[in-house]
Amino acid sequence: MADNTANTIWYDFKAIEAKWQEKWEKEKTYSVGEDSQGKKYYVLEMFPYPSGRIHMGHVRNYSIGDVVARYKRMRGFNVLHPMGWDAFGLPAENAAIKNDTHPAEWTYENIDYMKKQLKQLGLSYDWDREIATCNEKYYHWEQILFLKMYEKGLVYQKVTSVNWCDSCQTVLANEQVIDGACWRCDQPVLPREMNGWFFKITDYAEELLADLDHLDGWPEKVVTMQRNWIGKSTGLNCTFEIESSDQSISIFTTRPDTIYGVTFLSLAPEHPLLPDLLAGSDRQAEIEEFARRIITEKQRGRHEDEIVKEGIFTGRYCINPFNGERIPIYVANFVLMEYGTGAVMAVPAHDQRDFEFARKYGLEIRPVVIPEGVDLHGETMEEAYSGPGILANSGQFDSLSSTEAREAIIAHAEKMGFGSAETTYRLRDWGISRQRYWGAPIPVVYCRNCGVRPVPAEELPVTLPEDKGSGSGDCAPLHLRPSFIDTTCPSCTGPARRETDTMDTFVESSWYFARYTCPETQEPLDRHKADYWLPVDQYIGGVEHAILHLLYSRFFTKILRDLGYVDIAEPFTNLLTQGMVIKDGAKMSKSKGNVVDPHDLVAQYGADTVRLFSLFAAPPEKDLEWSAQGVEGASRFLNRVYRFIEGHRPTLQRPRRRQGERDGASRELRRKTHQTIGKVTQDIETSFHFNTAISAVMELFNHMSSQATEAAAHEIDDDALCEAVDTVLLLLSPMVPHFAAEMWQRCGHSGDIENRPWPQYDVDAAKDELLTIVIQVNGKVRSRLEVAAGTDDDVLKEMALKDEKVRRFLGGKPVKKIIVVKKKLVNIVI
RNA sequence: GCGAGGGUGGCGGAACUGGUAGACGCACCAGACUUAGGAUCUGGCGCCUUACGGUGUGGGGGUUCGACUCCCCCCUCUCGCACCA
């Protein structure tokens, strides 16, 4: 760039950025403590996985966060802005296997490299608070939290089905199962029952749901997604006795008002009562075969959009407790064992799935909720009716509305003892066991005498062994490392085995934001520091974490509160979910080959240009379309500012003086300056819309530079010009910090721009003297008038009517009325 | 299917509680300076029209003096969730 442009001066971003980065690092400009001046403000971007190098998504995320941090500092806040590494996880293991190294080595190398890259972007982090979750200085305290949760009964073990690859001898995450096969060896994956640890997040389901109502600073989309994920429904749990048996089936329904419309009952193929029901039946083998087939089909491609309804009659009946009817029991492929009770009362008239099933197998369709003014007949219905209505064919509940009937029927069931009101959630307890090496060890031992024993706090941390495991190199899971497994029981000192599972990496990211407040404390959290900084005032990250990470973090915050470590219920007051970086219509990704490496861009244009472009191209919550020319544009703008300031240095460095009464051009510049301060401040405060903020600064600069050309320079007072230049730099400084700092210095200011407050908006200075009033005839713009602010309405009307262009359109027709909108327009209606 | 959010020039995007549609930037066109221009500077730039003017914010209706903005219907795109009983 700079090389072949002999005639044009380009600013030396390399030298400037290095100079200021060095200064910030040396002086620890962005280190903070609890005792600093000002109200606290905690801004946080989601920490990265140390995958190797930073990508444009990081640049965008951290640029946004950095503007917020720098802006808030200028507004006088004591700003906490930390950074760290979500450093446990699979890619490190894969890379280690591939390169025959240790995952720690790979991870720490990446951290070093990425940290260097982040520093090159000029991000204002307090690096003294850096956290790497794979460091025992972090997971030690996570293990303590595990113990505390264990003591409170918030952690438990149960056997569940996992994806097992027999050839790799390991459990796979769901994402690693591709079309039913292992992603690495392509062998079929089998379900396998394994013992695992669970966090009792369901204990907090109600609070996690209820508190969503108070998250006003979160995007509604995320709140809705979480609400759906928790999936609360209320209804009736009801017991149906099985005919000629002493057993019964319980069902859950959200539509108790339709219970008289039940014409069959559907069981999930995995339902535990099924074997008992079939015992002795001559069709036992056939039905079991059907159930088995459905189960395997489900395990495989569960992605078919609409699976055809399919089922089989068990030959058994149960009794509807409300009317004593005999109800045939079916096994159906669309009933989920994981939700409700795994058994569904089928009401074909009012549920589309049941309707399709009933039609296919010739079962009765009996309407019991009748919408107003309509007659429903089972034989003629074309689809289920699921709306409200009046009850019919429902015994004592006939003629109640469906809403009334829900309560009445639940009350009846409770009175008669065969059912009760129940609330169910879709949310499951959080399974945290991973049969992997590169994670935080679960601090538990198994003793032959004493059973499951948590490792005592004073023996923590349980650290990852550094020696190689048998066979699989540095990444062998812990169960293949004898040196790790064998230990002694903390209770009886007899021989014991360590738990060899590690924790889900989402556990680390569920509380790191709290640990930043006290990264060196010799306990999970320092209550005093946590209380000072928490909650995070502004959290920024990708929407892909809308559910898991954000839900787990909310859960952990409530746990930390109940353990006495914090006094907040919610971790993130405001959440900004930034859009993706797109190129050629698709998300940047290696597989699509459309990645742009920020490293190259910073080398070519400098960090400030890259930051400016990513902030300017789109508002933060929207996807950002990558544009090479757009970067050029950002670069050109900074260079124009640079050349302007360099060209006016003699003026700018002179002591500021005001030369008597300002003339029109100076007042105009001052007006534009203050209008821009107002606009930029508002854009940042209300919506973080940096794109419009930047365009406003560009407008100010364009105005200023056109006014202050050589010929016109004498018309602009020095102080008006200086104020405009200072304002441009101050308003830009959160976005292009090195550039602003350098130019500030070159303008002759003594202190650093870092220490300057955000410019003060002067309402009076921003007031327009002249207004352009639009003149409309019948709502169409026909002319414009320049008038002094405060011109009387009647005068305006008169001027409008006299206007030549307007008269042409009036054509002498009578004027019906004239509408005057203050400061905006006059509309003449004829 | 359910939920959420969008559709504005060639492109990214502006437009406050209804009041100048297209700010700012990119691309493009013309000119200037130049051996040169892919640098820089000046001007132009929704569409139709020589001009006057007409027309225009996914489509159709409506409310209003006036609609990108409010109401109704429809089309379409993106993102979640998805047989949740």
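Per chain, numbering begins at 1; letters A, B, ... match sequence-line order. These numbers come from the heavy atoms of this one structure, side chains and all, not from hydrogens, waters or symmetry mates.
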Problem - Selection from B/U20, B/A85, B/A39 that lies nearest to any side-chain heavy atom of A/Thr772 - result: B/U20
Problem - Complementary nucleotide for B/G5 - Watson-Crick or wobble, under 3.5 Å - result: B/C77
Problem - Nearest-angstrom distance from the residue atom CD of A/Glu356 to C1' of B/A85 - result: 14 Å
Problem - Earlier contact from the 5' end, RNA chain B, for A/Arg428 and A/Arg640 - result: A/Arg640
Exercise for the section: Under 4.0 Å between any heavy atoms, over every strand shown, what does A/Gln776 touch: base, sugar-phosphate, or nothing? Just pick one. Expected result: base
Exercise for the section: Provide the distance between the two C1' atoms, one in B/U64 and one in B/C70, to the nearest whole Å. Expected result: 10 Å
Exercise for the section: Indicate, with a heavy-atom threshold strictly under 4.0 Å, whether A/Asn639 touches base, sugar-phosphate, or nothing. Expected result: nothing
Problem - Base of B/C65 paired with side chain of A/Lys816 (donor-acceptor, under 3.5 Å) - result: no
Exercise for the section: Rounded to the nearest angstrom, tell me the gap between atom NZ in A/Lys221 and atom C1' in B/C81. Expected result: 11 Å
Practice task
Enter syn or anti for the glycosidic conformation of B/G9, syn applying to angles within 90° of 0.
Solution key: syn
Exercise for the section: On RNA chain B, check which nucleotide each of A/Thr341 and A/Val543 is closest to and give me the residue with the more 5' one. Expected result: A/Val543
Practice task
May I ask you to say whether A/Arg359 pairs ionically with A/Glu383, meaning some side-chain N is under 4.0 Å from a carboxylate O?
Solution key: no
Handout entry: A/Arg808 vs B/G53: side-chain N/O to OP1/OP2 distance below 4.0 Å
Key = yes
Practice task
Name the closest nucleotide to the A/Glu220 side chain, picking from B/G25, B/G19, B/A4.
Solution key: B/A4
Exercise for the section: Indicate whether OP1 or OP2 belonging to B/U55 is found under 4.0 Å from a side-chain N or O atom of A/Lys780. Expected result: yes
Exercise for the section: Kindly say if A/Arg426 contacts the phosphate of B/A82, meaning a side-chain N or O under 4.0 Å from OP1 or OP2. Expected result: yes
Problem - A/Arg428/A/Glu338 ion pair, N-O < 4.0 Å - result: no
Exercise for the section: Output yes when A/Lys797 and A/Asp793 qualify as a salt bridge under the 4.0 Å nitrogen-oxygen rule, no when they do not. Expected result: no
Practice task
Could you check if a side-chain atom of A/Val641 sits within less than 4.5 angstrom of a side-chain atom of A/Phe739, using non-hydrogen atoms only?
Solution key: yes
Handout entry: Nearest-Å distance for atom pair CD1/C1', residues A/Ile819 and B/G18
Key = 13 Å
Problem - Between B/C11 and B/G3 - P atom distance, rounded Å - result: 32 Å
Exercise for the section: Pick base, sugar-phosphate or nothing for A/Arg227, based on heavy-atom distances below 4.0 Å to the nucleic acid. Expected result: nothing
Practice task
Could you tell me the separation between the CG atom of A/Asp803 and the P atom of B/U20, rounded to a whole number of Å?
Solution key: 18 Å
Exercise for the section: Indicate, with a heavy-atom threshold strictly under 4.0 Å, whether A/Asn702 touches base, sugar-phosphate, or nothing. Expected result: sugar-phosphate
Practice task
Please work out if A/Val829 contacts a base, only the sugar-phosphate, or nothing of the nucleic acid, heavy-atom cut-off 4.0 Å.
Solution key: sugar-phosphate
Practice task
Consider the side chain of A/Val335, meaning its heavy atoms from C-beta on, and name the nucleotide among B/A85, B/G5, B/A14 that approaches it most closely.
Solution key: B/A85
Practice task
Would you indicate what A/Gly633 reaches in the nucleic acid, counting non-hydrogen atoms under 4.0 angstrom: base, sugar-phosphate, or nothing?
Solution key: sugar-phosphate
Problem - Nearest-Å distance once atom P is located in both B/G1 and B/G53 - result: 50 Å
Handout entry: Rounded distance in Å between the C1' positions of B/C33 and B/A39
Key = 11 Å
Exercise for the section: Pick the P atom in B/U69 and in B/G61, then give their distance to the nearest Å. Expected result: 14 Å
Exercise for the section: May I ask you to say what A/Asn827 touches in the nucleic acid, namely base, sugar-phosphate or nothing, with a heavy-atom cut-off under 4.0 Å? Expected result: base
Practice task
For A/Ser233, answer base if it contacts any base atom (sugar-phosphate contacts may also be present), sugar-phosphate if it contacts only those atoms, and nothing otherwise; contact means non-hydrogen atoms under 4.0 Å.
Solution key: sugar-phosphate
Exercise for the section: For B/G46 and B/U40, measure between their P atoms and round to the nearest Å. Expected result: 23 Å
Practice task
Scan A/Val347 against the nucleic acid and name what it touches under 4.0 Å (heavy atoms): base, sugar-phosphate only, or nothing.
Solution key: nothing
Problem - Whole-Å distance separating the CZ atom of A/Phe616 from the C1' atom of B/G12 - result: 9 Å
Problem - Residues A/Lys672 and A/Glu699 bridged, charged N to O under 4.0 Å - result: yes
Exercise for the section: Looking only at side-chain atoms of A/Phe809, point me to the closest of B/G53, B/G19, B/A39. Expected result: B/G53
Problem - From B/G13, B/U40, B/U20, nucleotide with atom closest to A/Val774 side chain - result: B/U20
Completion exercise
Paired with A/Thr772, the side-chain hydrogen bond (donor to acceptor under 3.5 Å, both in side chains) test is passed by just one of A/Lys824, A/Lys823, A/Glu786, namely A/Glu786
Practice task
For residues A/Val806 and A/Val777, determine if any side-chain heavy atom of one lies less than 4.5 Å from a side-chain heavy atom of the other.
Solution key: yes
Practice task
Between B/C24, B/G3, B/G54, spot the one nearest the side chain of A/Ser695, thanks.
Solution key: B/C24
Practice task
Go through B/U40, B/A21, B/G13 for me and flag the one nearest to the A/Val781 side chain.
Solution key: B/A21
Handout entry: Rounded distance in Å between the C1' positions of B/U20 and B/A15
Key = 11 Å
Exercise for the section: Start with the C-alpha gap between A/Trp626 and A/Phe613, add the side-chain angles, then the distance that decides, and say whether ring-ring contact (aromatic ring centres under 6.0 Å, His included) holds. Expected result: CA-CA 9 Å; A/Trp626 177 256; A/Phe613 169 74; 5.2 Å; yes
Exercise for the section: Round to the nearest Å and state the distance from A/Trp626 atom CH2 to B/G25 atom C1'. Expected result: 14 Å
Practice task
Using a 4.0 Å heavy-atom cut-off across all strands, classify A/Pro619 as base, sugar-phosphate, or nothing.
Solution key: sugar-phosphate
Problem - NZ/NE/NH1/NH2 to OD/OE distance under 4.0 Å, A/Arg807 and A/Glu804 - result: no
Handout entry: Nucleotide B/A39, atom C1' - distance to OH of A/Tyr605 in whole Å
Key = 13 Å
Problem - Euclidean distance for C1', B/G80 against B/C71 (whole angstrom) - result: 28 Å
Completion exercise
Whole-Å distance, A/Leu551 CG to B/G80 P, equals 18 Å
